[in-house]
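Presented below is the structure to which this report refers.
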Amino acid sequence: MPDRTKDTRMNLFSDIRGAVLDALAAMQAEGALPAGLDMANVAVEPPRDPAHGDMATNAAMVLAKPAGQQPRAIAEALAARLAADPRIVTAEVAGPGFLNLRLTPDAWRGVVASALAEGADFGRSDMGQGVKVNVEFVSANPTGPMHVGHTRGAVFGDALAALLDFAGHEVTREYYINDAGAQVDVLARSAYERYREANGLDPEIREGLYPGDYLIPVGEALKARYGTSLLDKPESDWLADVRAFATGEMMQMIRDDLALLGVRMDIFSSEREITASGRVEEAIETLRGMGLIYEGTLEPPKGKLPEDWEEREQLLFRSTAHGDDVDRPVQKSDGSWTYFAPDIAYHWDKVKRGYGQLIDVLGADHGGYVKRLKAVVSALSDGSVPLEVKLIQLVKLYKNGEPFKMSKRAGTFVTLRDVVEQAGPDVTRFVMLTRKNDAALDFDFDKVLEQSKDNPVFYVQYAHARVCSVIRKAGEAGIAADDATLAGADLGHLSHDAELSLARKIAEWPRLVEIAARGQEPHRIAFYLYELASELHGLWNRGNEDTGLRFVQEGNVPVSQAKIALARATGVVISAGLGILGVTPAEEMR
RNA sequence: GGCCCCGUAGCUCAGGGGAUAGAGCGACCGCCUCCUAAGCGGUAGGUCUCAGGUUCGAAUCCUGACGGGGCCGCCA
């Protein structure tokens with residue numbers, strides 16, 4: 001069982017940063033630097049140009065001004081101290097005051113050893129300090145199957161949740177079911193027509209109802225349950241029952257769709273339950289008590305005035321008090337709640353459940369909704385719980401390089417199931433995570449299935465498969481290559497720069513996890529994995545010309561084991577990274 | 001009219017205060033007697049949309065243009 005405590009988990013970059021901070025503290029103790037300096041901006045990172053060294057720190061430049069000293073002078077003094085560190089070979093001042101560090105081969109070998117010892121936990125961070133985070137995502141209306149846009153939201157939300165978990169947060173994946181608005185009444189009426197159809201009558205799929213075939217089995221199920229007892233009854237007799245039944249069926253379908261993608265929610269919250277329990281009124285009254293609810297009229301929107309605009313008094317939330325541009329209506333003119341009102345209650349509910357942070361993953365068309373949500377969470381948590389809204393941009397589908405037109409009407413509506421059945425869950429997930437959430441994504445059915453290096457999924461999978469292949473080959477050659485044996489290998493046999501270079505890339509993994517988690521950017525994992533795979537493929541091919549660089553060295557067990565340990569460490573990181581993205585690592589390519 | 005996102009190589013995109021701005025594709029030149037060549041190495045290709053500002057330092061932060069997308073009370 002790998003140890004998960006901070007002291008033993010390897011993160012070479014934060015370790016060296018610690019050494020830099022220690023050296024700076026010692027300089028302060030000696031009076032070489034003034035006390036009370038803010039070290040927050042002192043960074044230790046890989047230099048852009050590897051020729052500069054293994055790691056670089058900007059400490060001298062950051063501290064020069066507050067310390068009232070020349071950057072190069074600080075850097076020189078820091079260099080002298082760091083040179084005494086056994087892990088550091090050279091510390092050279094360069095450029096405007098960078099301090100470039102070169103580490104011993106043993107430092108990099110130590111990273112390989114740690115990756116093997118820590119296994120799937122290598123790179124796990126305690127940065128999140130166990131803070132409870134609620135990630136709400138998908139939340140598709142229970143009125144039909146999930147479409148491509150939902151797919152991206154599902155993949156992003158799930159990967160973000162996994163990433164935050166890996167970075168030390170306690171994560172809850174949550175789905176908010178919009179089962180209370182007018183759209184579920186429409187669903188009920190649509191299902192009722194299918195129920196009539198199931199009973200041999202002609203369905204009347206009027207304008208405004210959902211025409212999709214997916215409701216036909218729901219009609220059948222209604223018949224099985226109610227027989228003919230609902231026929232020729234007024235809507236008021238059956239609406240509530242049919243609605244409950246149909247939304248239940250839709251949610252089952254959505255759960256099945258999510259399962260296809262490998263997404264599992266921890267909690268499903270129901271708008272209907274929140275509304276029925278009186279929590280909306282409670283939330284509004286709480287806001288009223290804060291002076292944030294009032295009767296008023298809104299200014300008409302500037303520019304093009306809607307045709308049917310009329311001034312109207314309604315119940316408003318003073319979201320401008322918490323950073324919004326205008327106040328927002330919580331009640332319609334007929335006195336019923338707007339969609340926003342139950343959302344207020346729902347977010348308050350999440351706050352009360354004790355999360356330290358809320359994240360909503362929403363479609364980009366909800367951009368105009370963000371400020372009021374933040375305002376409400378700010379108001380109801382007294383500013384103590386940050387709400388982050390991640391907007392997911394459009395997915396543009398292509399087939400044969402041609403845009404794929406989608407239209408509900410024409411029946412060319414692409415569902416999550418369509419995508420996953422054609423591309424497979426692994427490809428779907430990886431491709432949808434190769435872009436920032438706030439940038440539009442092109443999804444080309446042909447390109448994503450291509451088996452070449454322009455397809456990042458394939459390329460990363462191939463690297464992992466090669467690692468597995470090496471281990472199989474070792475077995476055939478009679479070289480023990482199980483993890484326990486590899487963990488005990490003498491890594492001193494790794495000395496070629498091409499090998500240490502791969503170890504350097506592996507060393508970046510724990511740092512990358514923290515950067516990605518801090519920015520809530522799972523796409524960084526995907527890009528890193530591509531780079532790591534590239535390093536492995538590069539080293540692999542070096543073995544073509546220089547047989548001494550092949551992983552399996554027939555007849556030399558200790559050297560083989562050291563080299564295979566390096567390959568296996570790479571595989572461990574790829575596997576962990578793919579795990580965060582929700583992609584299964586391939587054992588072999590077939 | 002307002003708000004949000006985007007603008008980086010021919011194309012698709014990384015990088016989001018730090019040194020000479022990167023990758024893939026496309027183009028060109030090389031590498032299989034060898035652990036999967038489904039791969040690798042190299043060459044060419046940039047006023048980081050523009051203009052100001054902050055900073056020791058700006059593709060990165062701020063302001064304003066311009067271009068593309070999205071949204072803007074009684075839909076959810």
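Order of the sequence lines sets the chain letters (A, B, ...), proteins ahead of strands, with each chain counted from 1. Computed from a prediction, not measured in an experiment: that's the story for all the values here.
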Practice problem: To the nearest Å, give me how far apart CG (A:L315) and P (B:C74) are. | Solution: 15 Å

Exercise. Could I get the full list of side chain to side chain contact (heavy atoms under 4.5 Å, CB included) partners for A:F98, not counting sequence neighbours?
Key: A:M61, A:P96, A:N100

Quiz prompt | P spacing across the pair B:C31 / B:C48, given as an integer number of angstrom | solution = 37 Å

Quiz item: CG of A:N544 versus P of B:A37: gap in Å, rounded?
Solution: 7 Å

Practice problem: Could you pull out all residues at least two apart from A:A191 that satisfy side chain to side chain contact (heavy atoms under 4.5 Å, CB included)? | Solution: A:V218, A:L222, A:V242, A:A246

Exercise. Identify whether NZ of Lys or CZ of Arg in A:K399 sits under 6.0 Å from the centre of the six-membered ring of A:F445 and within 45° of that ring's axis.
Key: yes

Quiz item: So, do A:H537 and B:G39 meet the stacking rule of ring centres under 5.5 Å and planes under 30°?
Solution: no

Quiz prompt | Pairwise P distance for B:G2 and B:U60, with rounding to whole Å | solution = 24 Å

Exercise. Could you tell me which residues satisfy side chain to side chain contact (heavy atoms under 4.5 Å, CB included) with A:A180, sequence neighbours excluded, listed by chain and number?
Key: A:E271, A:R272, A:T275

Could you write out each protein N or O paired with an N or O of nucleotides 11-13 of chain B at a distance under 3.5 Å?
| residue | atom | partner | partner atom | Å |
| --- | --- | --- | --- | --- |
| B:C13 | O5' | A:R435 | NH1 | 3.2 |
| B:C13 | O3' | A:R435 | NE | 3.4 |
| B:C13 | O2' | A:R435 | NH2 | 3.3 |

Quiz item: Between A:A94 and A:E271, which is nearer to the 5' end of RNA chain B once each is assigned its nearest nucleotide?
Solution: A:A94

Quiz item: In whole Å, what is the span from the CG atom of A:L391 to the P atom of B:C6?
Solution: 10 Å

For nucleotides 58-60 of chain B, give me every protein contact, N/O to N/O, under 3.5 Å, one pair per line with atom names.
| residue | atom | partner | partner atom | Å |
| --- | --- | --- | --- | --- |
| B:A59 | N6 | A:R48 | NH2 | 3.3 |

Quiz item: Is there any side-chain hydrogen bond (donor to acceptor under 3.5 Å, both in side chains) pair reaching into residues 316-333 of chain A, and which pairs are they, with sequence neighbours excluded?
Solution: A:Y294-A:D327, A:S319-A:D324, A:T320-A:D327, A:H322-A:S378, A:D324-A:R328, A:D325-A:K371

Quiz item: If you look only at pairs with a residue in residues 47-70 of chain A, which of them pass as a side-chain hydrogen bond (donor to acceptor under 3.5 Å, both in side chains), with sequence neighbours excluded?
Solution: A:D54-A:R504

Quiz item: Among residues 549-557 of chain A, which contact RNA chain B at a heavy-atom distance under 4.0 Å?
Solution: A:R550, A:F551, A:V552

Practice problem: May I ask you to verify whether the side chain of A:N100 and the base of B:A19 hold a donor-acceptor pair under 3.5 Å? | Solution: yes

Self-check item: Dot-bracket notation for RNA chain B, counting Watson-Crick and G-U pairs under 3.5 Å, with | for partners on another strand
Solution: (((((((..((((....[...)))).(((((.......))))).....(((((..]....))))))))))))....

Quiz item: What is the distance, rounded to the nearest whole Å, between atom CG of A:D325 and atom P of B:C3?
Solution: 7 Å

Self-check item: side chain to side chain donor-acceptor pair (under 3.5 Å) partners of A:K396, counting only residues at least two apart
Solution: none

Self-check item: Separation of the P atoms in B:A19 and B:C61, to the nearest angstrom
Solution: 15 Å

Practice problem: Establish whether the base of B:G39 is bridged to the side chain of A:N541 by a donor-acceptor pair shorter than 3.5 Å. | Solution: yes

Practice problem: Measure from OH on A:Y459 to C1' on B:C25 and round the result to the nearest Å. | Solution: 13 Å

Exercise. Not counting sequence neighbours, which residues clear side chain to side chain contact (heavy atoms under 4.5 Å, CB included) with A:T485? List them please.
Key: A:A480, A:D482, A:Q561

Quiz prompt | Ring-face cation of A:R466 near A:W540 (centre distance under 6.0 Å, axis angle within 45°) | solution = yes

Exercise. Would you please name every residue forming a side chain to side chain donor-acceptor pair (under 3.5 Å) with A:Y176, sequence neighbours left out?
Key: none

